[in-house]
Amino acid sequence: MRTSVTLAVLAWLSASEALVLHERQDGAPRVVSMDIERTKLSNPLQRDRLRRRGSVQATLDNEETLYFLNATIGTPAQGIRLHVDTGSSDLWVNTPSSKLCLLRSAPCQFAGTYAANSSSTYEYVGSYFNISYVDGSGASGDYVSDTVSIGGQKLDRLQFGVGYSSTSAQGILGIGYEINEVQVGRAGKPAYRNLPSQMVADGLIQSASYSLWLNDLGANRGSILFGGVDSGKYEGELQTLPIQSQSGIYAEFLITLTGLKLGTQAIANSTALAVLLDSGSSLTYLPDTMVQDIYSAVGAQFDADEGAAYVPCSLADDSRNLTFSFSEPAIAVEMNELVLDLITAGGKRPTFQNGATACLFGIAPAGTGTNVLGDTFLRSAYVVYDLENNEISLAQTRFNSSSSSVKEITAAEIPGATAVTNSVTATSGLVGARAVGISAVGSGMVVVVAFAAGLVLLMV
Ligand SMILES: *[C@@H]1O[C@H](CO)[C@@H](O)[C@H](O)[C@H]1NC(C)=O
Ligand SMILES: *[C@@H]1O[C@H](CO)[C@@H](O)[C@H](O)[C@H]1NC(C)=O
Ligand SMILES: *[C@@H]1O[C@H](CO)[C@@H](O)[C@H](O)[C@H]1NC(C)=O
Ligand SMILES: *[C@@H]1O[C@H](CO)[C@@H](O)[C@H](O)[C@H]1NC(C)=O
Ligand SMILES: *[C@@H]1O[C@H](CO)[C@@H](O)[C@H](O)[C@H]1NC(C)=O
Ligand SMILES: *[C@@H]1O[C@H](CO)[C@@H](O)[C@H](O)[C@H]1NC(C)=O
């Protein structure tokens, strides 16, 4: 989900509080770990249209690759797949009796549904769950609470939404800041404990934090580790940067991008651009001028109707990296991570008029919207999201690593991470979010959240 919004600078922890590695003496680290799985959703109709035209055009909504994890809800347990989203903050699921799920095509079958009625541990919370999206779609219904199991650990009582009315076939696991819950923004109620926070309250983990390792585009599996860091999954050292707040509010995972390079060519120097880390966004969205420079350097063809660009698939063999600099570190994204396959219903690939096979390019213009580092960037990074200290720790990922060395994150400390000194504060790219947080889900879905003042709105 493209999300947007806010940031701030956290004063660095004093030396005594600095990031330090703690190993538990009493056995295994207290962490909750689980695999996540990448699934490609495709729309045959769109693909066919594309093939017939002989030129490249596809609808991104249907080209998304989403990361899911398996969970169970209720008693007895009902299995469900949840789309992992760092860009929103509510967990919500579909119910089998919604109009959407009852369609002949059974769209909810892949991700599964939750029938509150069939669970002996279900409790009603209120009928004010309502998430909406930029295209007018969304989900609404009840907030409820029930037993939720995830990664082999059980939470006896976790609040989440049930989409009695829904236009999204997948339930979503939003793991962002609580202030971005729609209960806060829409219903004007106090925040409830969402998953990371409930895990802390239940003693499953020590700190509201998690590490996300999406792994390679060529791999189908990555992992999420709540309350811990796995040093087997990244290269070098983790560097810790402050999340950027707006008007003192931490609502979104925004950090400062300080430079961008394609091979040795500078695309942007000395920027102080706020960018959102959003696992729910398949593509990366950057300022139009930067994107234009990248497109000319790689020969991408922009399709204004789709808001995205196509490249010959052979670009994947280009040896240049697209390197994103933060105060520290720099994360290199290899070209083959930016060239996404488009496969038609018949298993064919679209081609350009000259016959070259066409692929979707992983970077798109943000326009007036938020700048988002989505999955095409995130796969190349190991990212620790620390909600408790308002910090992000980053390192270059280690693709396909089977080595593992898990350490627990304690309340103020991320094992093996070094705080970046003199990190740059974002001066552009911040949405005027004084009172508003915007969080978009999936392509074009936007959750609207207003803080305090009652307002709200709109779209990315
Ligand atoms: C989730 O469960 C489905 C069905 O059992 C299985 O095919 C899939 O591999 C599981 N995914 C993960 C990430 O564990
Ligand atoms: C609960 O079950 C009853 C009877 O099966 C059904 O009529 C009702 O709509 C269900 N309620 C919900 C909230 O699903
Ligand atoms: C949810 O919010 C949208 C936008 O504010 C509104 O149009 C819609 O009626 C609401 N849905 C419900 C069920 O309250
Ligand atoms: C990772 O594994 C996948 C699947 O086996 C493979 O396609 C891909 O090339 C590997 N990536 C790297 C960087 O080795
Ligand atoms: C970035 O800096 C380099 C070296 O100082 C300069 O050659 C280049 O033109 C600059 N590029 C941009 C996009 O500002
Ligand atoms: C691109 O980045 C990868 C990952 O950091 C690195 O191994 C490789 O050497 C880089 N390639 C070039 C041409 O710089």
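What you are looking at is a predicted structure, and each value in this text was computed from that prediction instead of being measured. Just follow the structure's listing: the first ligand is 1, and inside any ligand the first atom is 1.
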Output yes when a side-chain donor or acceptor of Q159 lies under 3.5 Å from a complementary backbone atom of V144, and no otherwise. no

What do you reckon, does L69 put a non-hydrogen atom under 4.0 Å from ligand 1?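 Contact absent.
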
Find all atoms of ligand 1 within a distance of less than 4.0 Å from any non-hydrogen atom belonging to N70, and give their numbers and elements. 1 (C), 2 (O), 3 (C), 8 (C), 10 (C), 11 (N), 12 (C), 14 (O)

Atom indices of ligand 3 within 4.0 angstrom of R186 heavy atoms, with elements: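 Close to R186: 1 (C), 2 (O), 4 (C), 5 (O).
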
Please could you name the atoms of ligand 3 that S140 approaches to less than 4.0 Å, counting only its heavy atoms? 13 (C)

Heavy atoms, side chains only, cut-off 4.5 Å: are [X] and [Y] in contact?
X    : Y    : value
L69  : Y67  : no
P196 : Y210 : yes
C108 : L100 : yes

May I ask you to say whether R186 pairs ionically with E181, meaning some side-chain N is under 4.0 Å from a carboxylate O?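 Judged by the 4.0 Å cut-off on N to carboxylate O distance, R186 and E181 do not form a salt bridge.
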
With heavy-atom distances below 4.0 Å as the criterion, list the atoms of ligand 4 near F399. 13 (C)

Which class fits the ring pair F160 and Y114: parallel under 30°, tilted 30 to 60°, perpendicular over 60°?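 Rings of F160 and Y114: perpendicular, as their planes differ by over 60°.
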
Which label fits F253 and Y177: parallel for a plane angle under 30°, tilted from 30 to 60°, or perpendicular past 60°?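 The arrangement is tilted - the two ring planes meet at 30° to 60°.
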
Please find the pair of heavy atoms, one from N400 and one from A219, that lie closest to each other, and give the distance.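 Heavy-atom minimum between the residues: OD1-CB, 3.6 Å.
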
Considering non-hydrogen atoms of the protein only, which is the closest contact for [atom], and what is the distance?
atom                    : result
atom 9 (O) of ligand 4  : D216 OD2, 4.0 Å
atom 11 (N) of ligand 3 : N130 ND2, 2.9 Å
atom 10 (C) of ligand 4 : N400 ND2, 2.4 Å
atom 7 (O) of ligand 4  : G218 O, 3.7 Å

Sub-4.0 Å protein heavy atom next to [atom]:
atom                    : result
atom 14 (O) of ligand 3 : yes
atom 2 (O) of ligand 3  : yes
atom 5 (O) of ligand 4  : no

